Amino acid sequence: MRGFDLQGHRGARGLAPENTLAGFARALAIGVTTLEMDIAVTADGVVVVSHDPVLNPDLTRGPDGAWLEAPGPAIRSLTLAELRRYDVGRLKPGSRTAALFPQQVPLDGERIPTLAEVIALTRAVGADGVRFNIETKLFPDRPDLTVAAEEMAERLVAVLIAEGVAERAMVQSFDWRSLLWVQRHHPTITTSFLTSARTLAPRGADPSPWLAGIDPRALGGSTPRSVQAAGGRVWSPDHRDLTAAQVDEARSLGLAVIPWTVNEPADMERLIAWGVDGLITDYPDRARAVLARRGLPLPQPLPSAR
Ligand code: G3P
Ligand code: CA
């Protein structure tokens with residue numbers, strides 16, 4: 001990998017509406033090496049940028065301007081034109097998400113963007129070196145919520161190739177099936193293997209359905225060895241579960257380690273001291289301050305992006 005990879009989570013979720021053009025512009029203005037984002041596919045086959053497969057009432061207002069009362073509808077059930085009618089530029093006051101991100105500055109009127117629009121934004125502001133870490137949001141236990149893993153991966157890669165950014169993109173997923181598809185069909189595209197306690201947990205005698213048939217129990221319970229067994233080169237663990245010994249093990253296997261989602265400067269300091277290759281954060285401004293204190297190079301800010 002190149003230098004330290006500072007990734008803005010859903011743009012800069014702590015500071016601007018998540019997974020929106022405004023949020024990605026904010027991250028670029030602050031200065032990141034990578035924009036982290038999540039995708040869904042609409043009923044008419046368009047790759048859009050959303051964390052949630054169904055519209056989230058904590059951040060979505062309907063065409064009538066009212067907050068959604070419950071999750072839904074599913075993005076896969078809406079055409080892009082229908083999806084455009086929803087506003088995702090403000091957190092619902094009093095919601096759990098609003099309490100988590102008190103510094104988030106709203107921008108009414110923001111829509112769920114297409115992936116192509118996000119890439120176009122980077123071109124428009126001259127962020128020609130910025131990288132993309134794009135998560136296929138899939139749910140092995142809820143296949144009804146999304147298109148199939150292979151279709152999502154295929155549609156994603158088609159956009160990356162059409163937009164000419166495949167070399168700057170990394171495909172990430174908790175659902176390793178989509179990563180194996182990318183490895184098989186587009187082996188030059190980097191894949192990043194996400195893990196959490198929930199997705200690693202076996203189902204009785206069966207392995208977790210998230211791991212594409214890999215069973216960590218057959219590998220001494222080692223998550224880094226499981227990533228390696230799946231052909232992975234990048235491991236992206238939940239930072240709360242990560243240990244220094246695991247970072248050492250991953251590095252000895254030749255894996256890069258990019259933990260998520262690291263928002264406290266003390267955690268950033270500790271993980272950098274352990275030798276992680278990057279981190280994903282809702283607060284790229286905080287991460288830059290930590291990198292600066294340690295004398296590490298900083299990604300170029302693009303103030304005009306904002
Ligand atoms: O990239 C890792 C991180 O984004 C995973 O968590 O739920 O925010 O997509 P989530
Ligand atoms: Ca994500």
Side-chain angles (χ1 to χ4, degrees), residues 1 4-20 23-24 27 32-41 47-56 58-59 71 75 88 91 96-97 100-101 104 112-113 115 118 130-142 145-146 149 152-153 156 160 169-176 178-179 182 189-201 208 210-211 223 227 232-242 250 255-264 267-268 271 276-284 287:
M1 296 202 80
F4 192 84
D5 190 5
L6 169 48
Q7 302 202 4
H9 185 236
R10 310 187 200 176
R13 191 187 187 199
L15 306 170
E18 69 176 62
N19 281 330
T20 63
F24 295 117
V32 296
T33 45
T34 300
L35 298 174
E36 193 276 347
M37 67 196 77
D38 315 280
I39 60 160
V41 178
V47 178
V48 296
V49 179
S50 170
H51 178 266
D52 305 297
V54 298
L55 296 180
N56 180 346
D58 278 8
L59 52 83
I75 290 175
V88 292
L91 294 173
R96 184 178 157 276
T97 310
L100 282 175
F101 299 105
Q104 190 184 106
I112 290 178
L115 175 58
V118 175
V130 79
R131 305 182 68 78
F132 305 91
N133 186 14
I134 304 173
E135 181 178 348
T136 54
K137 272 293 178 204
L138 294 157
F139 305 89
D141 293 318
R142 291 295 309 273
L145 292 180
T146 68
M152 189 178 286
L156 167 57
L160 298 176
M170 181 152 75
V171 178
Q172 57 170 337
S173 196
F174 290 104
D175 186 338
W176 293 6
S178 57
L179 305 181
V182 173
I189 296 179
T190 306
T191 47
S192 175
F193 287 70
L194 288 164
T195 57
S196 71
R198 186 167 70 92
T199 64
L200 289 168
S208 164
W210 296 86
L211 308 182
T223 308
V227 172
R233 305 286 302 276
V234 182
W235 175 35
S236 197
D238 183 339
H239 84 91
R240 295 167 297 187
D241 303 330
L242 187 61
L255 303 181
V257 183
I258 304 179
W260 57 273
T261 298
V262 193
N263 288 340
E264 295 305 324
D267 290 328
M268 296 174 183
L271 291 163
V276 298
D277 298 272
L279 57 80
I280 301 170
T281 180
D282 293 312
Y283 298 94

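Being a predicted model, the structure only gives us computed values, none of them experimental. All heavy atoms count here, side chains included; hydrogens, waters and symmetry mates do not. When a ligand or atom number is given, it counts from 1 through the structure's own listing order.
- T281 places a side-chain heavy atom less than 4.5 Å from the side chain of L6.
- Residue E36 has at least one N or O atom closer than 3.5 Å to an N or O atom of ligand 1.
- A 4.5 Å side-chain heavy-atom check between V41 and V48 finds every atom pair outside the cut-off.
- Shown are V276, I280, D238; of these, the side-chain contact (heavy atoms from CB on, under 4.5 Å) with P259 is made only by V276.
- Atoms of ligand 1 lying under 4.0 Å from any heavy atom of Q172, numbered from 1 in the order shown and given with element: 1 (O), 2 (C).
- Residue R10 approaches ligand 1 through these ligand atoms, each under 4.0 Å from one of its heavy atoms: 7 (O), 8 (O), 10 (P).
- Applying the side-chain contact (heavy atoms from CB on, under 4.5 Å) test between Q172 and each of N133, T190, I134 identifies N133 as the sole match.
- Classification of the W260-F174 ring pair by plane angle, with boundaries at 30° and 60°, yields perpendicular.
- Looking only at its N/O/S atoms, E135 has OE1 as the one nearest to the Ca ion (ligand 2).
- When only interatomic distances are considered, the shortest N/O to N/O separation between S236 and ligand 1 does not fall below 3.5 Å.
- The backbone N or O of V257 sits less than 3.5 Å from a side-chain atom of D277, completing a donor-acceptor pair.
- Put simply, part of K137 is less than 4.0 Å from ligand 1, judged by heavy atoms.
- Considering only heavy atoms from C-beta on, N19 stays 4.5 Å or farther from S50 through its side chain.
- The angle subtended at the Ca ion (ligand 2) by OE2 of E36 and OD1 of D38 is 110°, given to the nearest 10°.
- In terms of polar-atom proximity, defined here as any N/O pair under 3.5 Å, H9 does make such a contact with ligand 1.
- Here the side chains of F24 and V49 are in contact, with some heavy-atom distance below 4.5 Å.
- Of all atoms in ligand 1, listed by their number and element, those nearer than 4.0 Å to a heavy atom of H51 are 7 (O), 8 (O), 9 (O), 10 (P).
- Contacts of L194 with ligand 1, taken as heavy-atom pairs under 4.0 Å, involve the side chain alone.
- Every atom of ligand 1 with a heavy atom of F174 under 4.0 Å away is listed here by number and element: 5 (C).
- Below 4.0 Å from some heavy atom of D38 lie the following atoms of ligand 1, by number and element: 9 (O).
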